[in-house]
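Below is one structure, written out as structure tokens, with a few remarks after it.
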2 protein chains.
Amino acid sequence: MVARSNRVTIHDVAKAAGVSVSTVSKALNDTGRMASETREKIKSIAADVGFRPNALARSLLFNRSFTVGLLTNDTYGRFTLPLMSGISEALVDHGVSVFLCAIEDDPALAKVHVDAMLDKQVDGIIATGKRVDRSLPVDLAGLPVPVVYAFTEGVPGSVILTADDSDGARLAVERLRKVGRKRIVHVTGPDSFVSAVERADAFRQAVGPDALVMHGAWTEAWGHEAVTMLWGGDKETPDGIFCGNDQIARGVVDALREKGVRVPEDVSIIGFDNWEIFADQTRPALTTVDMNLKELGRTAGLTILDLAEGRAVEAGLRKLPCKLVVRQSCGGDREI
Amino acid sequence: MVARSNRVTIHDVAKAAGVSVSTVSKALNDTGRMASETREKIKSIAADVGFRPNALARSLLFNRSFTVGLLTNDTYGRFTLPLMSGISEALVDHGVSVFLCAIEDDPALAKVHVDAMLDKQVDGIIATGKRVDRSLPVDLAGLPVPVVYAFTEGVPGSVILTADDSDGARLAVERLRKVGRKRIVHVTGPDSFVSAVERADAFRQAVGPDALVMHGAWTEAWGHEAVTMLWGGDKETPDGIFCGNDQIARGVVDALREKGVRVPEDVSIIGFDNWEIFADQTRPALTTVDMNLKELGRTAGLTILDLAEGRAVEAGLRKLPCKLVVRQSCGGDREI
DNA sequence: TCAACGTGAGAAAACGTTTTCTCATCATTT
DNA sequence: AAATGATGAGAAAACGTTTTCTCACGTTGA
């Protein structure tokens with residue numbers, strides 16, 4: 001009707017094999033009845049001419065596009081990238097491709113992307129963000145396709161996947177204890193962040209009722225400042241610091257070095273996020289809590305697939321465990 | 001045939017309006033002949049029932065999927081993310097969506113992704129990577145769809161877009177000169193990187209025949225070490241350092257601070273990449289060369305669109321200009 | 001009054017698949 | 001030798017659009 005392409009279609013194969021398209025289809029899909037030599041001949045011809053079925057035509061027929069949309073407003077990619085690679089990895093095995101939709105924080109742009117995805121008949125949408133306690137600037141409820149929220153706030157009754165912040169905090173404290181630390185403090189981000197609060201609560205529960213938690217910005221500068229405060233008074237200084245993210249940890253480590261305090265000999269430091277570009281390049285390299293975002297992504301991918309294929313999935317918030325990545329900043333790393 | 005969906009189709013609209021599907025199609029697309037009241041009535045009914053044409057069906061008809069594939073092996077996203085957002089931004093206006101294919105460095109995975117994209121009839125493929133002088137582990141020549149290489153090595157005769165490294169180096173030197181620096185050195189990455197070499201050449205050309213270029217790793221540690229070398233001998237110390245990336249610059253700035261050398265009062269520093277997470281958080285914040293990757297992405301998006309729609313595009317390597325982002329590490333930032 | 005023409009709208013084909021149904025042909029059984 | 005059954009393969013419909021073609025009807029002009 002419009003532009004004719006030169007791609008080889010099932011009709012070309014049929015013509016080359018001297019049979020009908022139905023026969024070709026059945027031959028290639030191993031369905032229907034037919035002489036096995038016919039089947040083999042068709043298969044070999046199809047391979048010869050390089051036939052690959054047009055996925056669009058199949059999608060139209062099956063009402064399945066084998067495509068999902070990934071909505072994100074994380075521009076740094078710190079959280080989205082591992083998530084994305086997990087999703088992609090899990091889905092590519094099932095022949096499912098991922099539409100990437102970066103929506104910044106623009107509701108209009110988000111709507112454009114969502115509409116485009118729906119028009120293209122995505123089998124589902126994974127919503128993800130840069131912050132667990134904020135939702136994307138678009139309402140995904142009542143869409144004709146399933147939605148999974150990963151690392152972003154979802155509407156009640158939906159499927160929501162996040163990392164278990166409490167678990168992460170517990171892992172950190174456990175480790176600090178294991179290397180013999182007694183005076184442990186927590187330097188973290190603003191208490192307006194739910195994850196900061198959850199980690200802080202778990203931290204207090206693990207360390208004890210009068211555990212010290214210091215809230216500030218998620219920056220190196222705050223790490224510096226916190227050290228100045230901790231070492232500035234006449235109170236006993238800590239021997240273990242659990243930091244709310246790797247940037248804070250980096251600030252803490254640098255500030256301690258400037259003070260001549262040795263890490264990890266005098267003080268053990270544990271970060272959070274395992275953002276390699278920070279964790280790896282800090283001296284000493286950071287022992288840090290990894291939120292397993294790639295695994296989270298993989299789970300999100302498999303979950304949206306379950307939903308797309310009509311399998312039941314339990315709704316609600318599901319928290320996935322963290323893991324500790326041991327480098328040098330906490331000590332005890334050579335004991336193994 | 002298989003799963004029936006509940007989405008509203010053009011047939012539903014036709015039924016609701018009491019006309020044929022052809023009439024609906026023509027009404028909504030403002031084509032064909034028909035009483036203008038019929039047209040308006042149909043439009044209003046279509047809007048009421050929330051009809052949106054199935055893009056798959058149109059794609060099949062037009063042989064255009066309004067979809068492009070983005071192939072990348074950059075896992076950190078430093079280069080890919082801005083590129084991606086530029087591509088997406090440029091394309092979403094044209095109703096084109098982007099398949100994200102993260103292929104690590106795995107040829108098999110790359111092939112799987114490319115095949116999946118071709119099956120899904122992408123209108124084109126944008127290849128991008130983490131390094132300008134390395135190609136992706138897959139051969140994209142001879143594909144039935146156009147390919148644009150952005151920030152990665154492409155085959156001869158193809159369309160290749162990169163940032164102009166020489167331009168970036170010139171911008172940096174120019175700026176250092178402008179703030180009065182006379183003894184300018186260049187601390188950069190390994191000379192096995194083409195971009196390092198190109199920048200170094202342009203640097204030499206701008207500064208003079210005996211300009212000092214120091215090659216090392218792309219790391220903070222190398223920045224530190226370079227400062228130690230520069231300030232360690234009995235030679236005259238530089239008053240301006242152009243660094244090959246922001247991490248090196250960060251290392252240089254930190255090392256100078258430890259030495260008591262003031263930045264930018266005593267020495268001006270300029271970085272490369274404008275990786276905000278580094279440039280913004282270094283104290284003082286880094287003046288740095290931005291490769292305009294978002295713009296590069298935008299250009300790549302529009303170029304693949306041109307090719308997909310059959311417009312002629314000049315093949316070959318096209319270098320896009322850089323820009324200087326002025327923060328505090330070079331000085332002269334308050335003069336405006 | 002009849003031909004020519006313009007207008008509005010629908011039928012059908014097409015895009016590339018898959019699947020159901022039908023139908024020949026040939027072998028087997030009575 | 002005739003009826004039954006099994007087997008192989010094709011015709012047609014379907015998915016949701018768009019576009020070309022056709023046709024009926026009403027209006028205009030001679």
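Naming: A, B, ... by sequence-line order, numbering from 1 per chain.
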How long is the line joining [atom1] of [X] and [atom2] of [N], in whole Å?
| X | N | atom1 | atom2 | answer |
| --- | --- | --- | --- | --- |
| A/Leu56 | D/dA14 | CG | P | 21 Å |
| B/Leu60 | C/dC15 | CG | P | 9 Å |
| A/Asp119 | D/dT18 | CG | C1' | 16 Å |
| B/Lys26 | C/dT7 | NZ | P | 14 Å |
| A/Asn29 | C/dT17 | CG | P | 11 Å |
| A/Leu28 | C/dT19 | CG | P | 12 Å |
| B/Phe62 | C/dG16 | CZ | C1' | 16 Å |
| A/Leu61 | D/dG16 | CG | P | 10 Å |

Nearest atoms (heavy-atom pairs only) where B/Leu91 meets B/Leu305 |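 It is CD2-CD1, 4.0 Å.
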Return no unless some side-chain N or O of [X] is found under 4.0 Å from OP1 or OP2 of [N].
| X | N | value |
| --- | --- | --- |
| A/Ser25 | C/dT17 | no |
| B/Ser20 | C/dA9 | no |
| A/Asn54 | C/dC15 | no |

Student check: side-chain heavy atoms of A/Asp30 and A/Lys43 closer than 4.5 Å =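 They are in contact (side-chain heavy atoms under 4.5 Å apart), so the answer is yes.
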Pairwise side-chain contact, A/Val49 with A/Asp12, heavy-atom cut-off 4.5 Å (strictly under) |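 Sidechains of A/Asp12 and A/Val49: no contact.
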More than 12 heavy atoms of other residues, nucleotides or ligands under 6.0 Å from NZ of A/Lys15: is that the case?
->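 It does not: A/Lys15 NZ has 12 such atoms or fewer within range.
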Under 4.0 Å between any heavy atoms, over every strand shown, what does B/Thr9 touch: base, sugar-phosphate, or nothing? Just pick one.
->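 Sugar-phosphate, backbone atoms only, no base.
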Could you label the plane-to-plane angle of the B/Phe99 and A/Phe99 rings as parallel, tilted or perpendicular, counting under 30° as parallel and over 60° as perpendicular?
->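 Because their plane-to-plane angle is under 30°, the rings of B/Phe99 and A/Phe99 count as parallel.
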B/Lys120 side chain to A/Ser97 side chain, donor-acceptor N/O pair below 3.5 angstrom |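 The criterion, which ignores hydrogens and geometry beyond distance, is satisfied for A/Ser97 and B/Lys120.
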Could you state the interatomic distance from CZ (A/Arg52) to OG1 (A/Thr9), rounded to the nearest 0.5 Å?
->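 Atom-to-atom, A/Arg52:CZ and A/Thr9:OG1 are 15.0 Å apart.
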Let me know, please, whether B/Arg52 or B/Gly32 comes out on the 5' side of the other along DNA chain D by nearest nucleotide.
->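 Nearest-nucleotide comparison on DNA chain D picks B/Arg52.
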Can you find a donor-acceptor N/O pair under 3.5 angstrom joining the side chain of A/Ser22 to the base of D/dA11?
->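 Flag set: donor-acceptor pair detected.
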Any residue of residues 33-46 of chain B with a heavy atom less than 4.0 Å from an atom of DNA chain D |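 Correct list: empty, so none.
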